[in-house]
Engineer: 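What follows is a structure written as structure tokens; I'll ask about it next.
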2 protein chains.
Amino acid sequence: MTDNGNRPGQRPVDAADIVAAVVRQWRTVLPELDTDPMELIGRINRSAALLRQAEDAPLRRPGLTRPEFELLGALRRTGRELTPGDLARETFSSGAAVTKRLKQLTERGLVERRADARDRRVVLVRLTEAGRELVDAVLPEQLSFEADVLSGLDAQERHLLAELLGKLLTQLEGRLAARL
Amino acid sequence: MTDNGNRPGQRPVDAADIVAAVVRQWRTVLPELDTDPMELIGRINRSAALLRQAEDAPLRRPGLTRPEFELLGALRRTGRELTPGDLARETFSSGAAVTKRLKQLTERGLVERRADARDRRVVLVRLTEAGRELVDAVLPEQLSFEADVLSGLDAQERHLLAELLGKLLTQLEGRLAARL
DNA sequence: CGCCGATCATTTACGAGTGAAACACCTGTT
DNA sequence: AACAGGTGTTTCACTCGTAAATGATCGGCG
């Protein structure tokens, strides 16, 4: 494939991103360090931070935050009513956070709560018509915006990257679930 | 060309990670959606979240948060005194956050502030001896912990992944810098 | 020299998330 | 039937981050 002068003892990375610069600094100060994990984890974190910062442009227009949108999205894609507990699991946030978001989204008329008939502890949450319409309107914009942001990579690179991250994620999910 | 049916093995989408499951849900509900960006961005975000959640184990022992450690690391790897403004740029956080962290780290005796002689607006921050020792003690542990977390991928996959993310990051940095 | 806009750090007010406690309710056991 | 323990949701107290305002200082320009 690409031979980028992968000489042993010398690193293949002449990349221009910030993480590469940071790693170079570390190596000049503490040369015996194994900096490999930084190159990967640092880049994942940094990419996520950059994406989070910019990616939400189409969401901000209707005044949504990303966690709010993910909550609405979970309801939309499952197609059924979900409990706050379900939503906490689906969006990987605490129950308390879900309660707060539900409060706001209810006030805006995007979701509705109703009591469960059989078990009165549980609350069932569903999208209102307005909520469903909002998700259906925003999601394509958001996806096209994201596609644009990712357009610096060609389709093959994107798929390869997604595949590798999927593999990593599968491992992490198993490994970290075990630790909890 | 995107015949991404549910045939296992043909597309890389038979992955078992959570993002794949989410994408599958979206496709059954809104089949006309181009879900490709989700597979990539979703996985980046989710990986970052999972890593953040677990990765900091060696940091917590000495009672450090990750942002605090990154501040100390910036001082250690540059080898010079930095101003709060520098630190804000290096750690990608707001100036106010840096001020708060400096307060705590100063109280713990890990960093020191001193006034700049030429320009009395600026403050120069440096590691104390204890701070330097702490970074040097914790960093190898942290890196080895991270290497362990990443061990589900083999070396070749890790390097390929790091390389692709580096390319993405380079693009994002340019693109998003332009938007600000 | 003295003012004016710019720059740097800090303070302030506030919003959002978290873990733990509180509350309501269910279920199996005696 | 009553209770004990478990589960689901909400509330509470707290921490952390941010944006905007504040205060101090610099540099240039009339």
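Each chain gets a letter, A, B and so on, in the order its sequence line appears, and its residues count up from 1. These numbers come from the heavy atoms of this one structure, side chains and all, not from hydrogens, waters or symmetry mates. Everything quoted here is computed from the prediction, not taken from an experiment.
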Engineer: D:dT9, D:dG17, D:dA13: which one has an atom nearest the side-chain heavy atoms of A:Val123?
Structural biologist: D:dT9
Engineer: Looking at A:Gln104, I'd like to know whether one of its side-chain N or O atoms comes within less than 4.0 Å of OP1 or OP2 on C:dG15.
Structural biologist: no
Engineer: How long is the straight-line distance from CG of B:Leu75 back to CG of B:Leu127, given to the nearest 0.5 Å?
Structural biologist: 4.5 Å
Engineer: So if I take every side-chain heavy atom of A:Ala96 and compare against D:dC16, C:dT18, D:dA20, which nucleotide ends up nearest?
Structural biologist: C:dT18
Engineer: Taking for each residue the nucleotide of DNA chain C with the nearest heavy atom, is it B:Asp86 or A:Gly95 whose nucleotide lies nearer the 5' end?
Structural biologist: B:Asp86
Engineer: Please determine whether a side-chain nitrogen or oxygen atom of A:Thr83 lies at a distance below 4.0 Å from atom OP1 or OP2 of D:dT9.
Structural biologist: yes
Engineer: Verify the neighbour count for atom CD of A:Glu107: are there more than 12 heavy atoms of other residues, nucleotides or ligands below 6.0 Å?
Structural biologist: yes
Engineer: Between C:dA24, D:dT18, C:dG17, which one does the side chain of A:Arg121 approach most closely?
Structural biologist: C:dA24
Engineer: How many Å lie between CG on B:Leu87 and P on C:dC8, as a whole number?
Structural biologist: 14 Å
Engineer: Please pick, from D:dG17, C:dT11, D:dT9, the nucleotide with the shortest atom-to-atom distance to any side-chain atom of B:Thr99.
Structural biologist: C:dT11
Engineer: In whole angstroms, how far is the C1' atom of C:dT11 from the CG atom of B:Leu102?
Structural biologist: 15 Å
Engineer: Once you round it to whole Å, what is the distance between C1' of C:dT10 and CG of B:Asp116?
Structural biologist: 17 Å
Engineer: When you get a sec, tell me which of C:dC26, C:dC8, D:dT10 is the closest nucleotide to the side chain of A:Arg113?
Structural biologist: D:dT10
Engineer: On the nucleotide C:dC26, are OP1 or OP2 found under 4.0 Å from the side-chain N or O atoms that A:Arg120 carries?
Structural biologist: yes
Engineer: Looking only at the side chain of B:Val122 (C-beta and beyond, no hydrogens), which of the listed nucleotides C:dT18, D:dT9, C:dC8 gets closest?
Structural biologist: C:dC8
Engineer: Let me know the distance between CZ of B:Arg60 and C1' of D:dT15, rounded to the nearest Å.
Structural biologist: 14 Å
Engineer: Using 0.5 Å steps for rounding, measure from the CG atom of A:Leu82 to the CZ atom of A:Arg126.
Structural biologist: 12.5 Å
Engineer: What integer distance in Å separates B:Arg118:CZ from C:dC8:P?
Structural biologist: 16 Å
Engineer: With respect to the phosphate group of D:dG17, does any side-chain polar atom (N or O) of B:Arg101 fall under 4.0 Å of OP1 or OP2?
Structural biologist: yes
Engineer: Using whole Å, report how far NZ of B:Lys100 lies from P of C:dA9.
Structural biologist: 17 Å
Engineer: We want to know whether A:Ser93 and A:Arg101 form a side-chain donor-acceptor pair, criterion being a heavy-atom distance below 3.5 angstrom.
Structural biologist: yes
Engineer: Distance check needed: C:dG17 P versus A:Lys103 NZ, whole Å only.
Structural biologist: 13 Å
Engineer: Consider the side chain of A:Asp119, meaning its heavy atoms from C-beta on, and name the nucleotide among C:dG17, D:dT10, C:dC26 that approaches it most closely.
Structural biologist: C:dC26
Engineer: Nearest whole Å is fine: how far is D:dT10 P from A:Leu105 CG?
Structural biologist: 13 Å
Engineer: Looking at A:Asp17 and A:Arg43, is any side-chain nitrogen of the basic one under 4.0 Å from a carboxylate oxygen of the acidic one?
Structural biologist: yes
